[in-house]
Every structure is written in structure tokens, then in C-alpha cells.
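So the structure is just underneath, and the comments pick up after that.
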Amino acid sequence: MAEEKLPRRSEDFSAWYNEIVSRAELAEHSPVRGSMVIRPNGYGIWELMQQALDKMFKDTGHQNAYFPMLIPLSFITKEAKHVEGFAPELAVVTQGGGKELEEPLVLRPTSETIIYHMYAKWVQSYRDLPILMNQWANVVRWEMRTRLFLRTMEFLWQEGHTAHETEAEAEAETLQMLGVYRTFMYDHMAMPVICGPKSDSERFAGALRTYAVEGLMQDNKALQAGTSHNLGQNFAKVFDLQFQSREGTLEYAWNTSWGVSTRMVGGLIMTHSDDDGLVTPPKLAPVQVVIVPIFKTDVEQAVVMGAADAVFRELKAAGVRVKLDSRDSMSPGAKYYDHELKGVPLRMEIGPKDVEKNTVVIVPRVELSKEEAAKPGRKQKLFVPREGLSERVRQLLDALQSQLFDNALARREANSVRGTTSYDEMKALIERDAGFIYAGWCGSAECETKVKEETKATIRVIPFEEFRSAVQPTHCIVCGGEARHEAVWAKSY
RNA sequence: CGGGGCGUGGCUCAGCCUGGUAGAGCACCUGGUUCGGGACCAGGGGGUCGGAGGUUCGAAUCCUCUCGCCCCGACCA
């Protein structure tokens, strides 16, 4: 049958990405332009992301709630910057029940307006603060060009919305949630991200400050994987979100909002996957281990299936997400390719020889540097005793999780350029897709715009201290003026 | 909205120029032999060619209109 190979990443990255999404059955286009159907394999990843994040939100004191999808148009237009930012991508409902509506409704592009409108009703005094809520929802933004997971007209996300007594408290919340995203991306997605504030031009419409986590994909384009906003009192003022303070005065509350979306699934794909298909970190893999039984005769089949089933039950009892691939009419080899394409972290082969020796063969999806190396041109194969198997499997899953992180971090650092002081050199670097470019910036919008217009690269983030270069730039790479920040520049999704 | 491409079984595509009433590979179904890196043989089901109109004895093929999709550029999580 010889299924066609995937396009190579090095030859056509976006064709490679599209093929993975399609062939691993993660998602496909719906009949409506720009919107997508998320299939079980893709949704399974999203569900695991949700579970992990939801727990982190609860652990930091947040509660889930749900606000409706239809928002009065007048709400959106109340905050000047907010309308300006979202007007071009609004989907508006003008008819209902066969009649023209008195006031058009928009499909939420984000929920600040409706949420702060409601908070205003719930808050009287400082005793009602803080409000710490999150919602899991879909949002709609009319996009010109779409890519599955990375940018679609409707997407799934979570949006946290909080209200606080003081600016300091709101700022602390904004940073705390950015930290939650960062931890999630490190520990679960195995995706190293750099964190920090956005420049003014990249700030969320209506926010005081926007912070982001940014990953570097394998084509050296940056992906904004999550944002956290300090909204100041902008929305509170517009929606009359006031409270009586401890001193008896009437004050506007301070708000934050923060979100991550199904875009992370795209980030996951572009961070780890290879020319053989999808690669999923064990913590987010709907199937962590797949067992492929191997046999020729009926007698062998009975013995092998017995052993495979026992292993299956043992792993399942140990809390491993395991699947026994008992499809007949498909050769073991064909199954190997299939599971590699779909990104299953560990493949376990059980055949007559294994049963005889009381072992199994485990093949990790990505080579583990701490295990016996693979023979040249072959996949790494580990011969594992049946005794203590579930413990060993756990250990290998953990090892794979950290291996993926290490690989991604090494790749990002190999594609980060620091110390450039010449604008011409910077242009040349961007021209050949060099990755993250750390350079001095005077802080002016003029210099930022100039770079964007001349190179298509933008400031992804002004990195927090721990992400900054050892030697800090002293001059703006564009105008040569005094550098107020070190900025990270890259082309982005 | 500007530039390019494409709509033919589930998928990828050939056929269109030089009209004659639809074909391949993969997938699917049945039976048998296979099975430690993409199995093979035999048999079988499934499309009226994006839509509408026109030319013609006859249209997937020619003409007109129309709808939709994809890719590249201007906006964005």
C-alpha cells in the first residue's frame, strides 16, 4: 500500500503542518470558510490541556462561570480602544426570529464587556473583591487568512477575568497568571517560552499592559501562545464597576484578563513534531502507550494476545493511557507507521519471542539520550523485562517528556541571536529566518514600525530579566539612540 | 479586496485542447494466504463529472453566468 510520505519540514513547512493536522486526524476544515472541525485526536489533546490548566486555575483561587456568546453591539463600542481593536473582526447578528433586531448583537470576540457589565452588578464594597473567575468558551473573530488551530474564525479558549481593589493587586494577578501559563508550557507542553511585556503596538485593545509567553517554532517563526492583561480601570470606568473602599470613598475596580486557546495545539505540533509525523509530549498524549501484538499462527496469537491483554490491564491499572491495537488485516509494520504519524509517545511490541523471554520491546517516539543508543539508521529499541513494567513505562514517559523539552530548548537557543548591534546585520538575519533576535530598542514606536515595515519582524516581547542576555545592549539597533530595553524580534504567526 | 490555482466515487488525481455517454491509485466490502518496519491474490460495491443556462443528434469536454474552496499579499490569539 505504501502510504505517501509527509512533505519534509525543511522543504515546505506549511504543507508539512497541514498534512500532519489532516493525516493525524486532528482537525479539518468545515464547510464554512475559516472554521474548523476538531476531531477526537485533536480534541483529546485539548481536553488534557484543559484539565491541567483548570486545576492550576482552581489552585490559584479561581472559579469557573459561563457568560453568553451574544453581546449587545453597544457594549463593544463603549471602550474606545476596544472597539477600534475589534471592529474589523466582528461577526454581527442583525436578524432573529425572521425580524430585524432593534440592536445588533455581536458574537463575542472576547468577553470583557459583558463580564464587567455583570461584575458591576455584583460589586458594592471592597468586601466583594476580588472576583476571580474563568470561563471556557468559544469566540469568533472574522479573519482574512486562517490556518487550522493557529488562526480560525471560531476557536476554543479560556478567558480569566478578575476584579481587584488596587492596581498592585491587579498587576500581581496579571503576572501570577502569566506564570501559570509559563509553568504549563514548560511542564506539560514541553515548550520553552520567553515571557515579558508586549510593546505598546502589540498591546491588547483596552489594556494598560499586556504580557505574553512566546515560543519559537521549528520554522523559526514565533508563536504567541498566551497573553495576560492588566486592564487597569479602563473597563471599570466604562461599565461602572465601582466599589466603596475601606475609607468610604467610591473607587473603580482594577481588572485583569488572561487567555490561552486551541492555538496551543498548533504550537505543540510545530514545536515537537518531525518528518515522521506528530510528536506529543506524554502529559498531553491521549494515548501514551500503544501495544502492538505480533504473531503468525493461531497458537501464537492466543499466547501473544493473552500476554498483551495482561500488560494492557496492568498499565491501565497503573494509570497509564494505554491502547491495545488488535486490528487484524493490518501488519505490525503498518501499525508502527500509523502510530508514529499520530504521535503516540511509546510503542510496545509483544511477540512470541517476548512472551518466551518474559520481556517486551519498547520504542520511544523520539530517541532518549539516556537510554542505549539506536543502531545507525534504526529506531531506538528498548528490551524491557516484564517484571516491574509499569514502573519502567512511567519512567520512560517522564524521560520522554523531559527529552522533548530539552530538545526544544536546545533548538530555541541555537536559533536565538544575541549581541547584534548593526541594523543591516539584523535585516540579514531576519531575511534568512534566524529565529529570536535579541537587540537594543530605544522604546519608540517609530523604530518599531520601521523594522516591521522593512522586515516583517515585530517585537515579540520585552523579556523579563531571567530571559535577557548576559550582556545588555546599550544602543537602539534601529536609530542608535540609547537603548531603554532589550527586545526580542522575530517574524510571527 | 489584489494576484495565482482548483472544483470528476471517501481521498489524490487522469480524461477536457482534437464532444460519442466516466477511468486509475489509495481507501472500503467478501474469501483465502500472510503478519518482528507500510502484505498478496481473487472477487465486489460506490461517482453523472460544484450549480444554472446555452450550443449540438449527442457535453465532464465548447460558450455564458454563478457558487465555493485552496495558495500568495494587506489585518490578527
Side-chain angles (χ1 to χ4, degrees), chain A residues 1-6 12 14-15 18-19 22-23 25 28-35 84-90 109-110 138-159 181 198 201-205 210 212-215 222-229 257-267 276-277 292-298 300-301 304 325-341 347-357 359-361 363 377-379 381 383 452-453 456 458 460 492-493:
Chain A
M1 65 180 228
E3 188 75 20
E4 248 181 81
K5 287 222 159 83
L6 283 171
D12 190 342
S14 68
N18 292 339
E19 281 292 306
S22 154
R23 305 242 294 251
E25 296 173 5
E28 58 187 75
H29 292 279
S30 93
V32 175
R33 180 186 78 85
S35 55
E84 199 182 304
F86 282 106
E89 35 186 337
L90 287 181
T110 178
N138 58 339
V139 286
V140 172
R141 297 180 187 178
W142 213 261
E143 298 290 351
M144 307 205 193
R145 282 192 61 204
T146 59
R147 301 284 309 278
L148 291 177
F149 289 114
L150 299 172
R151 172 163 296 107
T152 48
M153 299 225 295
E154 178 186 1
F155 57 94
L156 303 182
W157 76 344
Q158 88 16 245
E159 47 181 323
Y181 291 153
K198 286 281 187 181
S201 70
E202 301 273 323
R203 202 190 323 123
F204 174 75
T210 288
V213 288
E214 295 267 336
L223 182 80
Q224 177 171 304
T227 47
S228 186
H229 316 290
S257 69
W258 27 275
V260 293
S261 72
T262 37
R263 169 180 257 201
M264 289 191 297
V265 178
D276 294 331
V292 178
I294 296 154
F295 49 80
K296 289 188 174 68
T297 65
D298 287 355
E300 281 178 354
Q301 174 170 13
V304 165
D325 187 350
S326 54
R327 287 177 289 184
D328 50 12
S329 82
M330 197 170 182
S331 70
K335 291 179 183 177
Y336 299 167
Y337 283 102
D338 188 45
H339 295 117
E340 277 162 17
L341 176 66
R347 174 176 80 238
M348 187 180 290
E349 304 169 12
I350 301 181
K353 289 185 230 164
D354 300 297
V355 176
E356 195 182 311
K357 291 185 294 183
T359 58
V360 300
V361 172
V363 180
R378 309 282 290 275
K379 296 270 180 189
K381 276 197 171 196
F383 297 87
K452 183 171 180 178
E453 282 172 359
K456 300 256 192 283
T458 50
R460 300 320 304 158
S492 72
Y493 277 95

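Residue numbers begin at 1 in each chain, while the letters A, B, ... track the order of the sequences.
- Between A:Y493 and A:D328, the residue anchored nearer the 5' end of RNA chain B, judged by the nucleotide with its closest heavy atom, is A:D328.
- OP1 or OP2 of B:C75 has not a single side-chain nitrogen or oxygen of A:K452 nearer than 4.0 Å.
- B:G58 makes up no base pair with any nucleotide shown, lacking Watson-Crick or G-U wobble contacts both under 3.5 Å.
- Protein atom CE of A:M144 is 13 Å distant from nucleotide atom P of B:G2, rounded to whole Å.
- Taking atom P on both B:U64 and B:C69, the two are 23 Å apart, rounded to the nearest angstrom.
- If you check B:G45 for Watson-Crick or wobble pairing at under 3.5 angstrom, you find it has no partner at all.
- B:U34 atom P lies 13 Å from atom CD of A:Q301, rounded to whole Å.
- Backbone-only contact: A:Q224 has heavy atoms under 4.0 Å from sugar-phosphate atoms and none from a base.
- Shown here are the salt bridge (charged side-chain N to carboxylate O under 4.0 Å, His left out) partners of A:E84, two or more places apart in sequence or in another chain: there are none.
- The residue among A:K379 and A:E154 whose nearest nucleotide of RNA chain B is located toward the 5' end is A:K379.
- Look at B:C26: its Watson-Crick or wobble partner, with both distances under 3.5 angstrom, is B:G10.
- A:S257 and A:H229 share no donor-acceptor pair across their side chains, judged by distance under 3.5 Å alone.
- Distance noted for atom P between B:C63 and B:G7: 15 Å (whole Å).
- With both pairing distances under 3.5 Å, B:U64 is matched to B:A52 as a Watson-Crick or G-U wobble pair.
- Rounding to whole angstrom units, OH of residue A:Y181 and P of B:A77 are separated by 14 Å.
- Nucleotide B:U21 has no partner under the Watson-Crick or G-U criteria, as no pair reaches both atom distances under 3.5 Å.
- Between the side chain of A:E300 and the base of B:G36, no donor-acceptor pair of N or O atoms lies under 3.5 Å.
- Only the C1' atoms considered, B:U48 is 14 Å distant from B:G23, to the nearest whole Å.
- Nucleotide B:C1: paired with B:G73 (Watson-Crick or G-U wobble, both distances less than 3.5 Å).
- Going from atom CD of A:E19 over to atom C1' of B:C26 covers 14 Å, rounded to whole Å.
- Judged by distance alone, with hydrogens and angles left aside, A:D338 brings no side-chain donor or acceptor close enough to the base of B:G38 to form a pair under 3.5 Å.
- Shown here are the side chain to side chain donor-acceptor pair (under 3.5 Å) partners of A:S331, two or more places apart in sequence or in another chain: there are none.
- Among the protein residues, A:V361 comes within range of the nucleic acid bases, having at least one heavy atom under 4.0 Å from a base atom.
- Between the CD atom of A:E143 and the P atom of B:A77 there is a distance of 8 Å, rounded to whole Å.
- The aromatic ring of A:F155 sits over the base of B:A77, with ring centres less than 5.5 Å apart and planes inclined by under 30°.
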Write out a two-atom table: protein N or O, nucleotide N or O from nucleotides 67-71 of chain B, distance below 3.5 Å.
unit_1, atom_1, unit_2, atom_2, d
B:C69, OP1, A:R33, N, 3.3

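- In this structure, CZ of A:R203 is placed 17 Å from C1' of B:A77, rounded to the nearest angstrom.
- In this structure, A:Y336 atom OH and B:G38 atom P are separated by 9 Å, rounded to whole Å.
- A salt bridge between A:E300 and A:K296 is absent, with no side-chain N of the basic residue lying under 4.0 Å from a carboxylate O of the acidic one.
- Atom CZ in A:R378 sits about 13 Å away from atom P in B:G36, given to the nearest Å.
- For the residue pair A:S30 / A:S35, a side-chain donor-acceptor distance below 3.5 Å is found, with atom types taken as modelled.
- Between A:R460 and A:E202, at least one side-chain nitrogen of the basic residue sits less than 4.0 Å from a carboxylate oxygen of the acidic one, meeting the salt-bridge criterion.
- In this structure, A:R347 is positioned above the aromatic face of A:Y336, its NZ or CZ under 6.0 Å from the six-membered ring centre and within 45° of the axis.
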